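Shown next, in structure tokens, is the structure this report addresses.
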Number of protein chains: 2
Amino acid sequence: MLYAEFMSAVLPPCPESEESLTEPELLHLGPAGDEPCLRADAARNRARLLDAAARLIAEHGAAGVTMEAVASAANVGKGTVFRRFGDRTGLLTALLDHSERNFQAAFLSGPPPLGPGAEPVERLRAFGVAMLRRAVDELDLQLAAEPGPDRRYSVPPRRVHHSHLVLLLRQALPDADVELLAHTLMGYLNPVLVHHLTRQCGMPAARLEAGWGELVDRVTSGVPSVPPPVTAAR
Amino acid sequence: MLYAEFMSAVLPPCPESEESLTEPELLHLGPAGDEPCLRADAARNRARLLDAAARLIAEHGAAGVTMEAVASAANVGKGTVFRRFGDRTGLLTALLDHSERNFQAAFLSGPPPLGPGAEPVERLRAFGVAMLRRAVDELDLQLAAEPGPDRRYSVPPRRVHHSHLVLLLRQALPDADVELLAHTLMGYLNPVLVHHLTRQCGMPAARLEAGWGELVDRVTSGVPSVPPPVTAAR
DNA sequence: CATCCTAACCGGACCACGGTCCAGTTTCAT
DNA sequence: ATGAAACTGGACCGTGGTCCGGTTAGGATG
């Protein structure tokens with residue numbers, strides 16, 4: 001798979017500060033298993049924490065679970081939770097890890113139209129639909145796992161998705177600013193927006209999927225000519 | 001101005017819960033002056049708070065200012081801050097109020113190309129450029145004022161911007177799902193994204209503006225034909 | 001297999017900050 | 001002057017996150 005080189009070539013457009021992450025943070029198909037190389041007790045506690053968190057969230061909703069509750073439900077000190085997962089976001093993210101890995105595997109090396117083999121535009125469409133369905137499925141968790149404003153665009157899964165879109169867009173639109181286009185498309189798939197539209201506005205998921213298709217069509221159909229430059233008032 | 005009817009007709013797509021807002025929250029050109037009808041002491045404290053907040057923010061950055069610091073800098077109890085502005089976001093938003101009012105006035109009734117009189121697509125372009133410039137100008141404040149995930153899409157200014165885009169898009173693309181398209185375009189103008197691209201990635205603002213133009217072109221140029229429906233794997 | 005040594009880990013006391021509450025005070029219309 | 005609505009301020013609370021002295025796992029060594 002030539003994705004390794006692609007990743008290292010295209011992933012770091014933002015010089016990342018060298019941090020010792022507490023978790024390998026599901027970086028694009030990281031080390032195979034679930035636990036990298038933790039000490040026995042640490043691994044045990046990690047498992048207990050994830051288990052307790054999942055249980056509590058299923059019971060009280062993702063938003064109504066405190067870190068302390070998770071800690072004590074796992075018979076573990078609060079410090080241990082933060083040592084292992086860094087912060088609240090880290091814990092919630094870890095819970096989404098399985099799903100995220102599956103998804104990445106699907107669009108990186110799975111069967112078409114999501115995976116390689118289909119036309120770029122077709123893959124684009126499939127990607128959005130899959131993202132939307134995933135968002136609808138895991139909505140509360142994805143909402144609660146939303147990182148703070150600073151990290152939001154630097155979090156590994158997001159960057160992988162973005163890079164994937166860049167790759168597909170570049171094939172379909174060699175001359176466009178695909179970097180920015182990819183950000184635009186990602187914006188449409190933002191879980192917070194999906195939540196707003198489906199839950200708060202009652203919009204059916206089908207319309208969101210149709211909207212994605214329309215958006216992809218518009219974006220990938222050629223632009224007839226270059227209009228005059230903008231001279232906007234302020 | 002037929003904007004009143006437009007607003008009441010198009011603004012509440014989401015049945016808003018009836019809340020007694022602590023502030024008139026700059027709802028699309030609300031009551032003219034700065035203070036609606038507060039008691040004398042309340043108005044005085046409000047002014048003192050805004051002043052103190054502005055001072056502290058200029059000094060320590062928007063992120064490094066605590067509510068308690070603002071309160072004591074204004075010689076006021078912490079409770080007063082929250083009574084007046086609801087929460088942190090409310091205070092920061094109030095600081096952006098002037099700018100927001102000016103901006104709304106500009107695109108609602110100002111001169112073209114931002115205001116009425118120009119072609120919809122032209123106004124669209126101008127709107128994005130103005131938003132981007134505003135975002136760059138007030139970046140830290142706008143970042144700090146970012147509402148929580150639940151409110152993010154219900155906050156009045158955002159809804160006004162969205163409605164404006166819907167209006168313009170509808171004129172340019174009568175048959176499109178302009179509601180969703182507007183959300184997409186708004187996503188591009190998201191201050192958090194702007195911050196990421198300019199500050200964290202070092203992307204020049206000019207490229208962002210060019211990208212907006214390109215995006216508008218792509219979105220508003222007709223789609224040649226309706227492709228087959230998506231059948232995405234999961 | 002017993003011992004030892006060190007790095008890693010543990011837990012809960014601790015802190016900061018956003019937000020709430022309510023008894024007391026002030027304004028202002030009458 | 002007076003009553004009531006509105007405002008005030010600081011004590012209080014819950015939660016996310018930090019810190020550090022004590023503990024433990026588990027490889028190395030004899």
Side-chain angles (χ1 to χ4, degrees), chain A residues 19-24 35-50 52-53 56-57 60-94 143-151, chain B residues 19-24 35-50 52-53 56-57 60-94 143-151:
Chain A
E19 305 172 8
S20 65
L21 283 326
T22 53
E23 273 270 305
E35 0 169 316
C37 53
L38 293 153
R39 231 170 67 172
D41 53 347
R44 186 203 51 187
N45 281 345
R46 190 189 124 96
R48 272 206 253 170
L49 280 170
L50 286 178
L56 287 182
I57 284 178
H60 303 114
V65 172
T66 77
M67 298 303 268
E68 204 149 9
V70 172
S72 76
N75 284 314
V76 147
K78 189 158 69 150
T80 304
V81 188
F82 285 95
R83 158 173 298 270
R84 186 62 41 204
F85 297 103
D87 58 4
R88 180 186 177 82
T89 294
L91 174 59
L92 278 330
T93 300
L143 284 184
E146 165 113 336
D150 28 322
R151 286 211 230 152
Chain B
E19 305 172 8
S20 65
L21 282 327
T22 53
E23 274 269 307
E35 1 171 315
C37 52
L38 289 126
R39 234 168 65 171
D41 53 347
R44 187 203 51 187
N45 281 345
R46 190 189 124 95
R48 273 207 250 169
L49 280 169
L50 286 178
L56 287 182
I57 284 178
H60 304 113
V65 172
T66 76
M67 297 302 269
E68 203 148 10
V70 172
S72 76
N75 285 314
V76 145
K78 190 158 67 152
T80 304
V81 188
F82 286 95
R83 158 172 298 272
R84 185 62 41 204
F85 298 103
D87 59 4
R88 179 185 177 82
T89 293
L91 173 60
L92 278 330
T93 299
L143 284 183
E146 165 113 338
D150 29 322
R151 287 211 232 152

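In this text the structure is predicted, and so the values were computed from the model without any measurement. Quick note on labels: first sequence line is chain A, next is B, and so on, each numbered from 1.
- Between the CG atom of A/Leu49 and the CZ atom of A/Arg84 there is a distance of 8.5 Å, given to the nearest 0.5 Å.
- Rounding to the nearest 0.5 angstrom, the gap separating the CE atom in B/Met67 from the CG atom in B/Asp87 is 7.0 Å.
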Tell me, for nucleotides 20-30 of chain C in 5' to 3' order, what letter each nucleotide earns: B for a base near a protein heavy atom under 4.0 Å, S for only sugar-phosphate near one, - for neither? BB----BBS--
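- Smallest separation of non-hydrogen atoms from B/Ala94 and B/Leu50: CB-CD2, 4.0 Å.
- Atom CZ in A/Arg46 sits roughly 17 Å away from atom C1' in C/dA8 (whole-Å rounding).
- Here the CZ-CD distance, from A/Arg88 to A/Glu146, works out to 12.5 Å after rounding to the nearest 0.5 Å.
- Between B/Ala73 and B/Leu56, the shortest heavy-atom distance links the atoms CB-CD1, 3.9 Å.
- Using a 4.0 Å cutoff on non-hydrogen atoms, the parts of residues 69-77 of chain A near DNA chain C are A/Asn75, A/Val76, A/Gly77, ordered by number.
- Taking each heavy atom of A/Val81 and A/Ala71 in turn, the nearest pair found is CG2-CB, 3.6 Å.
- Rounded to whole Å, the distance from CE on A/Met67 to P on C/dG11 is 15 Å.
- The nearest whole Å value for the distance from the CZ atom in A/Arg48 to the C1' atom in C/dC10 is 11 Å.
- For A/Arg48 (side chain) and A/Ala74 (main-chain N/O), a donor-acceptor pair under 3.5 Å exists by modelled atom type.
- Protein chain A touches strand DNA chain D; the 5'-most and 3'-most nucleotides with an atom under 4.0 angstrom of its non-hydrogen atoms are D/dT15 to D/dG26.
- Contact annotation: A/Asn45 does not reach the phosphate of C/dC9 (side-chain N/O to OP1 or OP2, under 4.0 Å).
- In terms of heavy-atom proximity, A/Leu91 sits nearest to A/Phe85 at N-CB, 3.6 Å.
- Between B/Ala145 and B/Thr89, the shortest heavy-atom distance links the atoms O-CG2, 3.4 Å.
- Scanning both residues, A/Val70 and A/Ala52, for their nearest heavy atoms gives O-CB, 4.0 Å.
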